[in-house]
Amino acid sequence: MKNLQDRTLLNNGVKMPWLGIGVFKVEEGPELVNAIRTAIKHGYRSVDTAAIYGNEEGVGQGIREGLQEAGISREELFVTSKVWNSDLGYESTLAAYETSLQKLGLEYLNLYLIHWPVEGKYKEAWRALETLYKEGRVKAIGVSNFQIHHLEELLKEAEIKPVINQVEYHPRLTQKELQAFSRKHDIQLEAWSPLMQGQLLDHPVLKEIASKYNKSAAQVILRWDLQNGIVTIPKSTKERRIVENASVFDFQLTKEEMFWIDQLNQNHRVGPDPDHIDF
Ligand code: NDP
């Protein structure tokens with residue numbers, strides 16, 4: 001991976017940018033629209049949203065304006081959304097997809113994910129995603145927050161393998177077993193809250209490595225993602241940080257530095273534990 005437009009090859013042949021922008025907790029309004037426009041202007045080609053974020057309309061507006069300003073076509077952009085838990089089911093997931101498209105103002109998504117592995121529900125929802133994929137309505141389908149046992153269950157019955165598993169992943173939660181499982185089954189791992197929602201950026205180990213390269217702790221973490229072969233989607237609405245988070249293609253961490261960052265793992269989550277969700 002040499003620049004922001006470089007892509008990983010997913011198991012169905014679709015290519016996905018290694019780095020994109022996330023918009024969790026960004027409400028509808030000019031800040032959201034501007035964040036998407038700014039990201040596209042600075043070369044981002046991947047946007048991650050979800051039905052539950054309640055911001056698909058603004059994301060769609062930001063995409064339309066951003067593409068026009070940058071003079072690029074829809075085909076150059078990779079857009080992800082996710083079906084929310086209350087819509088998991090065959091018919092309800094099909095309907096949720098249409099609603100997301102309508103709000104985004106798009107004709108197709110590049111990637112549609114099951115947001116959480118709600119027991120007793122995610123297999124039916126997966127059948128719906130398979131239908132959407134087979135009908136050519138979506139370019140790729142995947143899952144989010146799936147543990148190994150969820151993936152094993154899904155793979156038993158799935159006709160189509162998920163291309164992606166988007167999970168919480170940062171130096172405090174390195175998910176080594178899930179990484180190995182994903183690699184073995186050719187399911188691309190994608191990091192949500194890669195910056196641990198901003199809570200890890202003062203860590204002395206990260207700051208020391210950062211100073212060596214004249215980079216920030218955030219850039220070191222995102223570089224660590226990429227060198228681990230993990231797709232990543234840091235969120236920021238600030239132009240300076242949107243640019244900063246994408247400037248991670250011009251330096252390389254050593255094996256030792258990768259190891260030191262791995263050692264920060266504490267199996268610590270900032271988000272919900274997928275095995276104990278009550279929403
Ligand atoms: P991140 O780890 O990306 O951290 C975002 C926070 O860090 C924001 O407060 C942001 O503030 C700040 N920040 C961003 N860049 C920098 C920087 N360079 N220096 C200092 N602070 C910085 O958290 P998210 O939880 O937003 O995760 C990223 C994306 O992952 C989400 O937006 C969403 O798309 C996805 N996600 C998916 C989930 C799932 O269940 N599938 C769950 C959670 C997230 P500011 O905006 O002010 O710059």
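One-based numbering, in listed order, for ligands and for the atoms of each.
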Could you tell me whether Met196 approaches ligand 1 through its side chain, its backbone, both or neither, with non-hydrogen atoms closer than 4.0 Å? backbone

If you round to the nearest 0.5 Å, how far is CH2 of Trp18 from OG of Ser46? 12.5 Å

Numbered atoms and elements of ligand 1 in range of His115, under 4.0 angstrom, heavy atoms: 39 (C), 40 (O), 41 (N)

How long is the straight-line distance from CD of Glu69 back to CD1 of Ile72, given to the nearest 0.5 Å? 10.5 Å

Could you identify the single nearest non-hydrogen protein atom to atom 40 (O) of ligand 1 and state the distance to 0.1 Å? Asn145 ND2, 2.9 Å

Best match, Pro234, Ser236, Gly198, Ser144: closest heavy atom to atom 48 (O) of ligand 1: Ser236

Assess, by modelled atom type and distance only, whether the side chains of His150 and Asn145 contain a donor and an acceptor separated by less than 3.5 Å. no

Below 4.0 Å from any atom of ligand 1, is there a heavy atom belonging to Gly271? no

Measure the distance from atom 10 (C) of ligand 1 to every protein heavy atom, then report the residue, atom name and distance (to 0.1 Å) of the closest one. Lys235 O, 3.5 Å

Assess, by modelled atom type and distance only, whether the side chains of Ser100 and Glu56 contain a donor and an acceptor separated by less than 3.5 Å. yes

Side chains of Thr232 and Tyr169 only: does a donor on one sit below 3.5 Å from an acceptor on the other? no

Can you list the atoms of ligand 1 that are under 4.0 Å from a heavy atom of Leu201? 19 (N), 20 (C), 21 (N)

Can you confirm, on distance only, whether ligand 1 has an N/O atom lying under 3.5 Å from any N/O atom belonging to Leu195? yes

Output for pair (Arg137 CZ, Glu107 CD), nearest 0.5 Å, gives 9.5 Å

Near Asp48 (heavy-atom distance under 4.0 Å), the atoms of ligand 1 are 33 (C), 34 (O), 35 (C)

Considering only non-hydrogen protein atoms, determine which one is nearest to atom 47 (O) of ligand 1 and report residue, atom name and distance to 0.1 Å. Lys238 NZ, 2.4 Å

Region of Glu244 engaging ligand 1 - heavy atom pairs below 4.0 Å: side chain

For atom 31 (C) of ligand 1, the protein heavy atom that lies nearest, with its residue and separation: Phe24 CB, 3.3 Å

Tell me the contacting part of Val167 for ligand 1: side chain, backbone, both, or neither, using a 4.0 Å heavy-atom threshold, strictly below. neither

Could you list which atoms of ligand 1 come closer than 4.0 Å to a heavy atom of Thr237? 46 (O)

Students should be able to answer this: which protein heavy-atom is nearest to atom 15 (N) of ligand 1, and at what distance? Asn245 ND2, 3.0 Å

Is it true that His42 and Glu239 share a donor-acceptor pair across their side chains at a distance under 3.5 Å? yes

Provide, to 0.1 Å, the distance between atom 28 (C) of ligand 1 and the closest protein heavy atom, together with that atom's residue and name. Ile233 O, 3.1 Å

Pick one of side chain, backbone, both or neither for how Ala50 approaches ligand 1, counting any non-hydrogen atom pair under 4.0 Å. neither

Tightest non-hydrogen contact, residues Ala35 and Ser236, listed as CB-O, 4.1 Å

Identify, by atom number and element, the atoms of ligand 1 in contact range of Ala218, meaning under 4.0 Å from any of its heavy atoms. 17 (C), 18 (N)

Could an N or O of ligand 1 be found under 3.5 Å from any N or O of Val23, whether backbone or side chain? yes

Does the N or O separation between Lys82 and ligand 1 drop below 3.5 Å for any pair? no

Shortest protein heavy-atom distance from atom 16 (C) of ligand 1, along with the residue and atom involved: Arg241 CD, 3.5 Å

Could you identify the single nearest non-hydrogen protein atom to atom 27 (O) of ligand 1 and state the distance to 0.1 Å? Ser193 N, 3.0 Å

Under-4.0 Å salt bridge between Glu75 and Lys139: no

Before accepting this row, confirm whether a basic side-chain N of the pair Lys134/Glu159 lies closer than 4.0 Å to the acidic partner's carboxylate O. yes

Can you see whether Glu256 engages Trp260 through a side-chain donor-acceptor pair at a distance of less than 3.5 angstrom? no

Going by the angle between their ring planes, with limits at 30° and 60°, are Phe279 and Trp116 parallel, tilted or perpendicular? perpendicular

Would you confirm whether Tyr213, through its side chain, and Gln219, through its main-chain N or O, come within 3.5 Å as a donor-acceptor pair? no

